[in-house]
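One structure is given below, encoded as structure tokens.
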Amino acid sequence: MAGTSLNGNSFQCYSNAPTGDHFHNMLIGLNRFVDWSAPERVRKLAELYFPNGEPFATPLQSAHGELLDMKTVRNAASHVSRTTSAQVTALYLRWTGQPSVSATAYEMLTSPGGQNQQTFMSHAEKVLRATAQSIANG
């Protein structure tokens, strides 16, 4: 594999899987599937295949807390439990500065907050785009 990033930087192939199954196993390791929602795990996978985990490690570390917040909202949308409810309610308080008895994933996604008073959904999209662009530009 050879080519350039979006800003013209050359990149180099550090591994080559001989088959699709081999490539699949490189990504998932010993698990049944790769957990892309765990930024620390993704960063560790990157460190296995790229020197110092770059260009992935730095952008993932920069967005680490925000990625975990996104995972909290994702879990609240997927699993209704006391634990996920408490986590998204705590995140709602931190994001909006307003207490809630039991915030939902929908309320979290659509409530304005943060420094720019944008919705969490809008903020998350900006973080993901900036992180992806940073990785792509290596």
Side-chain angles (χ1 to χ4, degrees):
M1 173 192 253
T4 59
S5 68
L6 295 175
N7 67 356
N9 292 337
S10 295
F11 55 87
Q12 181 179 356
C13 179
Y14 290 96
S15 62
N16 189 13
T19 68
D21 286 340
H22 187 111
F23 176 73
H24 182 260
N25 290 335
M26 287 171 63
L27 283 178
I28 64 169
L30 301 174
N31 302 319
R32 288 182 39 218
F33 55 89
V34 67
D35 183 2
W36 295 110
S37 68
E40 190 62 29
R41 182 172 290 179
V42 175
R43 192 180 60 73
K44 286 181 181 181
L45 279 172
E47 288 175 352
L48 290 173
Y49 296 103
F50 302 97
N52 298 320
E54 296 301 340
F56 300 94
T58 300
L60 289 173
Q61 188 59 41
S62 295
H64 185 80
E66 290 153 315
L67 293 170
L68 291 178
D69 289 347
M70 290 177 216
K71 183 175 181 176
T72 296
V73 176
R74 178 252 178 224
N75 287 345
S78 299
H79 315 287
V80 178
S81 72
R82 278 185 279 173
T83 303
T84 57
S85 178
Q87 291 170 343
V88 79
T89 298
L91 177 58
Y92 181 86
L93 173 61
R94 187 163 44 88
W95 177 254
T96 65
Q98 300 174 6
S100 172
V101 174
S102 182
T104 65
Y106 175 80
E107 289 171 321
M108 184 60 223
L109 288 170
T110 59
S111 294
Q115 294 178 355
N116 298 326
Q117 288 299 301
Q118 61 190 340
T119 65
F120 185 81
M121 179 84 156
S122 177
H123 173 72
E125 179 183 3
K126 287 178 184 177
V127 169
L128 291 173
R129 286 181 182 274
T131 303
Q133 184 175 19
S134 182
I135 291 168
N137 289 332

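All heavy atoms count here, side chains included; hydrogens, waters and symmetry mates do not. Here, residue 1 is the first one in the sequence, and each next residue gets the next number. This one's a predicted model, so the numbers in the text were calculated from it and none came from an experiment.
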On a heavy-atom basis, which atom in [X] and which in [Y] lie closest, and how many Å separate them?
X: T84; Y: A76; value: CB-CA, 4.0 Å
X: S102; Y: E107; value: O-OE1, 3.8 Å
X: F120; Y: M108; value: CB-O, 3.1 Å
X: V88; Y: T104; value: CG2-O, 4.3 Å
X: K71; Y: A38; value: NZ-CB, 4.2 Å
X: P112; Y: T96; value: O-CG2, 3.6 Å

[Y] backbone acceptor or donor facing [X] side chain under 3.5 Å:
X: Q133; Y: N137; answer: no
X: T89; Y: A103; answer: yes
X: S134; Y: P59; answer: no

(request) Indicate, with yes or no, if F56 and L48 share a hydrophobic cluster defined by side-chain heavy-atom contacts under 4.5 Å among Ile, Leu, Val, Met, Phe, Trp and Tyr. (result)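 Shared cluster, yes.
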(request) For atom CD of E47, decide whether the heavy atoms of other residues, nucleotides or ligands shown that lie under 6.0 angstrom number more than 12. (result)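 Enclosed.
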(request) Could you grab the distance from atom CG of N75 to atom CE of M70, nearest 0.5 Å is fine? (result)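 The CE atom of M70 is 13.5 Å from CG of N75, to the nearest 0.5 Å.
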(message) Could you measure the distance from the OG1 atom of T58 to the CG atom of N52? Nearest 0.5 Å is fine.
(response)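 Answer rounded to 0.5 Å: 8.5 Å.
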(request) Mind running side chain to side chain contact (heavy atoms under 4.5 Å, CB included) on L68 and H64 for me, showing each step along the way? (result) CA-CA 6 Å; L68 291 178; H64 185 80; 3.3 Å; yes
(request) Evaluate the criterion side chain to side chain contact (heavy atoms under 4.5 Å, CB included) for residue pair R94 and L91; output intermediate values, then yes/no. (result) CA-CA 5 Å; R94 187 163 44 88; L91 177 58; 3.1 Å; yes
(request) Scan side-chain atoms only and decide if T119 and S122 contain a donor-acceptor pair under the 3.5 Å cut-off. (result)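 Absent: no donor and acceptor within the cut-off.
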